[in-house]
Amino acid sequence: MRLGVIVSDFRNMDETLSRLKADKLGVIFVSNGVYHTATKEGGKKSPLLEKSPNMYVLTEDLQSRGFSEVQIDSRVKPVTYSDLVDVIFNDYDKTIWI
Amino acid sequence: MRLGVIVSDFRNMDETLSRLKADKLGVIFVSNGVYHTATKEGGKKSPLLEKSPNMYVLTEDLQSRGFSEVQIDSRVKPVTYSDLVDVIFNDYDKTIWI
Amino acid sequence: MGKLTIGVFSSLVGSLSLDFAVKLADAAIKKGHKVDMWVSGNATMLSKKGQRAFKDYSALEKKLHEMFASGSFQATACEACAEARGFHKEDTMEGWKRHSMDWYLASTFSADRVLHIGGD
Amino acid sequence: MGKLTIGVFSSLVGSLSLDFAVKLADAAIKKGHKVDMWVSGNATMLSKKGQRAFKDYSALEKKLHEMFASGSFQATACEACAEARGFHKEDTMEGWKRHSMDWYLASTFSADRVLHIGGD
Amino acid sequence: MATVKLGFIVKSLPYKTEASRLALTHAIASQTVEIYLEDGDMVEPVVAFIGDGVLNCLKNQKAMNMYGVTSLEQHLKNSLLLDMRVLICKEDMEKLGLSEDALIMDAEDIGGETKANIAPFSEIMKEMDSTNHLLFF
Amino acid sequence: MATVKLGFIVKSLPYKTEASRLALTHAIASQTVEIYLEDGDMVEPVVAFIGDGVLNCLKNQKAMNMYGVTSLEQHLKNSLLLDMRVLICKEDMEKLGLSEDALIMDAEDIGGETKANIAPFSEIMKEMDSTNHLLFF
């Protein structure tokens, strides 16, 4: 299974995400999930950034919250809504929202 | 200040509650906050039960979720909605919902 | 006897936070207190008339009518919050008033206790 | 080109989760996909007609009309969830259908992708 | 003639939001979905409770007596009565100190024959793998 | 002649829910509350951002461009324009790695003269103590 996981919040996401196993796992940060890509807590980056080599962040949600693409972790790929449609249809078999 | 804190959920309550300082601090567990009084996690009782000597749990919410008064931590006093009105008016100057 | 102002903000129909607010208000009235209730944000749904009773939802309308009849209860919905959701004056349940947000602040001025129920 | 079914559940007017669903659906339609949208629980508020535009809320009605006009978009609200909130047939925004919950499951049957937006 | 399998994965606590209730009512709606489909086609739900979601399965929920709303207990029994496949995560039960005795494992009192299954997360993950679509609540 | 002081304490993140927006719009409504009160009586709001709530105060929020909704940045500037007392928790800023430069500290661009205050939690707690009523968002 190729599984895309949309992470929609800042807190309490790790427990669910960490347990999911897939042949290909993608993590898509949207809504308040975008804070994982652009903030550090106690000087450390979010542990969620270690969960997958395939990470995306929705630029509209990033910019709404005061961040620009230069501030995000370099492993995370900025995507628009239009890109996200392709990610959902082409790169993963199933996509879940947590 | 005598401060009553209504704890309305199971997760992410500790950070706010732990910082609050008051001459008299009360903790009132309602809604999904009642799980703090009646479940253990990894064999341990909720750390919130250590925050105050004045703790209450709303019996209606406890029973809705499948618990009875005999299952709760002995330091926590079961209260009805009617009791809670008295707690708010008589025992605390301010009451907050977190 | 005192006055309790309860503000319910983003709490939802289908959660039990609105039920909490209504039951607490009712218990306070029965003890002789006066209660003002303010609903704002998504909680303005509570003031919508014509809610059909289903077993998956608590039916709060009948209880609210009893509380209005007590003479010790006022309830007001945020007008802009309601309009934004398509609830107009004619959609408002009997007994409810609609005002701008300053009504809530004015109610706290003379309240002995305020319980603000925020959250989702 | 494929079919995407989006279910939006407890998301709220005033949050941006409904906006997410509508913007994603719009982007999919513009790429030539078909989109079915199902709103249930508190998300049925999206189907309420007469929502007034305020700057504190995104106005989604105009965008929805464009999407309906594309011929590639269907949107259906959970009938019982709407009735429980006092939204009746005559309160429904133009273009929306109302059905029981089996409509959502039927839509997933022929969908290439399903995105279920749960949460609060 | 095809069957589409949907995974309803419940990780939310009951009552504070409608999420877990809507998971079960929608899963139950699979019973009437044929009216929209061709003969022989069907939608098959499987329900799994994980994380804090296992607390939806506690016995003796008095939500009807206290608040006049159907309990999650009743919804879960209705699901079992319809022979739905229901999984409850073993590790999460253990983490929260819940024994099988404390949980709704069957709907015998209303005439149901199907039992809920306590399963390790790895088995739930396999079940998720086998679905056509996944819905997290 | 009396003043009732209300503490609006914001611990929620912006946008996912309306909580922080409603905190500021209600605090701003203190400007018109006199129509309900006797001459000389007033309601005085103080706003404090704590925990994740400090992220409401980030500059350059493009919510209007992206979603057509007023940003929390704009609401916060409007609050400062009205000379409202605004506190931002120092420890939480530091924890999240936010510098003063990254935050909305004034509303000079729209003619405001009042600045936001970065304050340790102990000072915010004292402020809470001094209020008549506390509202957590």
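First the proteins, then the strands, lettered A, B, ... as listed; each starts at 1. Predicted model only: the values in this text are computed from it and were never measured.
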Stepwise side chain to side chain contact (heavy atoms under 4.5 Å, CB included) test for F:M42 and C:F109: CA-CA 8 Å; F:M42 54 188 285; C:F109 183 86; over 6 Å; no
Check against ring-ring contact (aromatic ring centres under 6.0 Å, His included), C:H116 and F:F8: CA-CA 10 Å; C:H116 174 84; F:F8 292 79; 7.6 Å; no
Audit row: C:T5, F:H133, side chain to side chain contact (heavy atoms under 4.5 Å, CB included) steps and yes/no: CA-CA 10 Å; C:T5 295; F:H133 302 292; over 6 Å; no
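In F:K126, the NZ atom is not crowded: 12 or fewer heavy atoms of neighbouring residues, nucleotides or ligands sit closer than 6.0 Å. Around NZ of C:K34, the count of heavy atoms belonging to other residues, nucleotides or ligands within 6.0 Å does not exceed 12. Within a 6.0 Å radius of CD in F:Q31, other residues, nucleotides and ligands contribute more than 12 heavy atoms. Heavy atoms of other residues, nucleotides or ligands lying less than 6.0 angstrom from CG of F:D109 number more than 12. F:K5 NZ: more than 12 foreign heavy atoms inside a 6.0 Å radius. Counted within 6.0 Å of NZ on C:K97, heavy atoms from surrounding residues, nucleotides or ligands total more than 12; the atom is thus considered enclosed.
Heavy-atom distances place both the backbone and the side chain of F:H26 under 4.5 Å from chain C. Of the two parts of F:L6, only the side chain, counted from C-beta on, holds a non-hydrogen atom closer than 4.5 Å to a non-hydrogen atom of chain C. Heavy atoms of F:A23 lying under 4.5 Å from chain C are absent altogether. Heavy-atom distances place no part of F:S12 under 4.5 Å from chain C, backbone and side chain included. With a threshold of 4.5 angstrom between heavy atoms, F:I28 does not approach chain C through any atom at all. At a 4.5 Å heavy-atom cutoff, the contact between C:Y104 and chain F is made by side-chain atoms alone.
Atom CG of F:L135 sits about 8.0 Å away from atom CG of C:L105, to the nearest 0.5 Å. Expressed to the nearest 0.5 Å, how far CG of F:L37 lies from OG of C:S110 amounts to 8.0 Å. Rounded to the nearest 0.5 angstrom, C:F9 CZ and F:F137 CZ are separated by 4.5 Å. With rounding to the nearest 0.5 angstrom, the CZ atom of F:R21 is 11.0 Å from the OG atom of C:S10.
Minimum heavy-atom separation, F:V33 to C:A106: CG2-N, 3.3 Å.
Under the 4.5 Å side-chain criterion, counting only non-hydrogen atoms from C-beta, C:D102 is not in contact with F:E34.
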